[in-house]
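Order of appearance sets the numbers: ligands from 1, and atoms from 1 within every ligand. All residue numbers refer to positions in the sequence shown, counting from 1.
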Amino acid sequence: MALSTIAIAAMTLNACGPPEPEGPTEQIIVRDRGAPDVVATGTEAPIEVGLLTVGKTAFEANCAICHAVDVGASSGIGPSLNGVVGRPAASLDDFAYSNAMQASGITWTTGEIDAYIANPTAMLPGTSMAGVMVTNAQDRNAITAYLEILGSD
Ligand code: HEC
């Protein structure tokens, strides 16, 4: 036992000569693709799927507490927003709109909705949609894209 331990120690010592020149090393180039870019950066056009994912999330965070979006959904605290893009304002029978909304003459485009959710009472004084302000323009853009898609099923 003791002998073989010494033999191994000696072999290890013998291996410690001058450093051998390193042979050719294999190069592995890893290209960093980064995380999938689902959020608009402001300079690049976001991919559609990412935009809708952001829109759904932002809608759920800012709007879903008052608005349903499912096909055939009833209005709640706010009118149903399924198919709202292209719809004249105040056109659902199952919702009691403000006088301001009924008299607005708006037909909802993504641009009109963007302006409305940025500051509802500034765009439409007297509207009963209060306490909602989506200050982030990218979130507004994603929300209106999401609403537009929902209207096209
Ligand atoms: C606190 C509840 C509440 C929240 C949150 C809310 N809304 Fe509303 N929304 C309303 C009410 C109430 C009305 C009706 C306004 C009126 O009649 O003046 C309305 C009306 C609307 C209309 C007009 C619909 C129509 O049929 O003419 C749009 C578009 C709209 N909301 C979009 C949004 C979006 C997008 C969000 C999220 C960013 C949002 N709302 C968040 C309560 C809310």
Rounded distance (nearest 0.5 Å) linking atom CG of Asp70 with atom CG of Leu150: 8.5 Å

Nearest heavy atoms of Val84 and Trp108, plus distance in Å: O-CB, 3.4 Å

Main-chain N/O of Asn82 paired to Arg87 side chain as donor or acceptor, under 3.5 Å: yes

Spatial distance of atom OH (Tyr146) from atom CG (Leu51) [nearest 0.5 Å]: 12.5 Å

Distance-only N or O hit between ligand 1 and Thr127, under 3.5 Å: yes

In the protein, N/O/S atoms that are found under 2.8 Å from atom 8 (Fe) of ligand 1, waters not counted: His67 NE2, Met129 SD

Interatomic spacing from CG in Asp139 to CD1 in Ile117 - rounded to 0.5 Å: 8.5 Å

Atom pair CE/CG of Met123 and Asn119 - distance to nearest 0.5 Å: 10.5 Å

Sub-4.0 Å atoms of ligand 1 with respect to non-hydrogen atoms of Met101: 15 (C), 16 (C), 17 (O), 18 (O), 23 (C)

Heavy-atom nearest neighbour in the protein, as seen from atom 26 (O) of ligand 1, with distance rounded to 0.1 Å: Tyr97 OH, 2.6 Å

Test item: Asp94 side-chain N/O and Ser75 main-chain N/O as donor-acceptor pair under 3.5 Å: yes

Backbone of Pro88 reached by a side-chain donor or acceptor of Ser91 within 3.5 Å: yes

Atom 17 (O) of ligand 1: nearest protein contact (heavy atom, Å): Ser98 N, 2.8 Å

Ligand-residue contact atoms, ligand 1 with Ala89, heavy atoms, under 4.0 Å: 27 (O)

Distance in Å, Ile143 CD1 paired with Leu52 CG, rounded so as to fall on 0.5 Å steps: 12.5 Å

Protein heavy atom at shortest distance from atom 14 (C) of ligand 1: Phe95 CE2, 3.5 Å

Top protein contact for atom 5 (C) of ligand 1, by heavy-atom distance: Asn62 O, 3.3 Å

OH-OG distance between Tyr97 and Ser104, expressed to the nearest 0.5 angstrom: 10.0 Å

Polar atom proximity, Ala90 to ligand 1 (N or O, under 3.5 Å): yes

Top protein contact for atom 12 (C) of ligand 1, by heavy-atom distance: Ile77 O, 3.4 Å

Part of Arg87 within contact of ligand 1 (heavy atoms, under 4.0 Å): side chain

With a 3.5 Å cut-off and sequence neighbours excluded, list the donor-acceptor pairs that the side chains of residues 59-68 form with protein atoms.
unit_1 : atom_1 : unit_2 : atom_2 : d
Glu60  : OE2    : Lys56  : NZ     : 2.8
Asn62  : ND2    : Ala58  : O      : 2.8
His67  : ND1    : Pro79  : O      : 2.6

Ligand 1 to Ser91 polar contact by distance, N or O atoms, under 3.5 Å: no

Atom indices of ligand 1, in the order listed, that fall short of 4.0 Å to a heavy atom of Val134: 38 (C)

Protein contact to atom 15 (C) of ligand 1 [nearest heavy atom, distance to 0.1 Å]: Ser128 OG, 3.3 Å

Sidechain-backbone polar pair: Arg140 side chain, Val134 backbone, donor-acceptor under 3.5 Å: yes

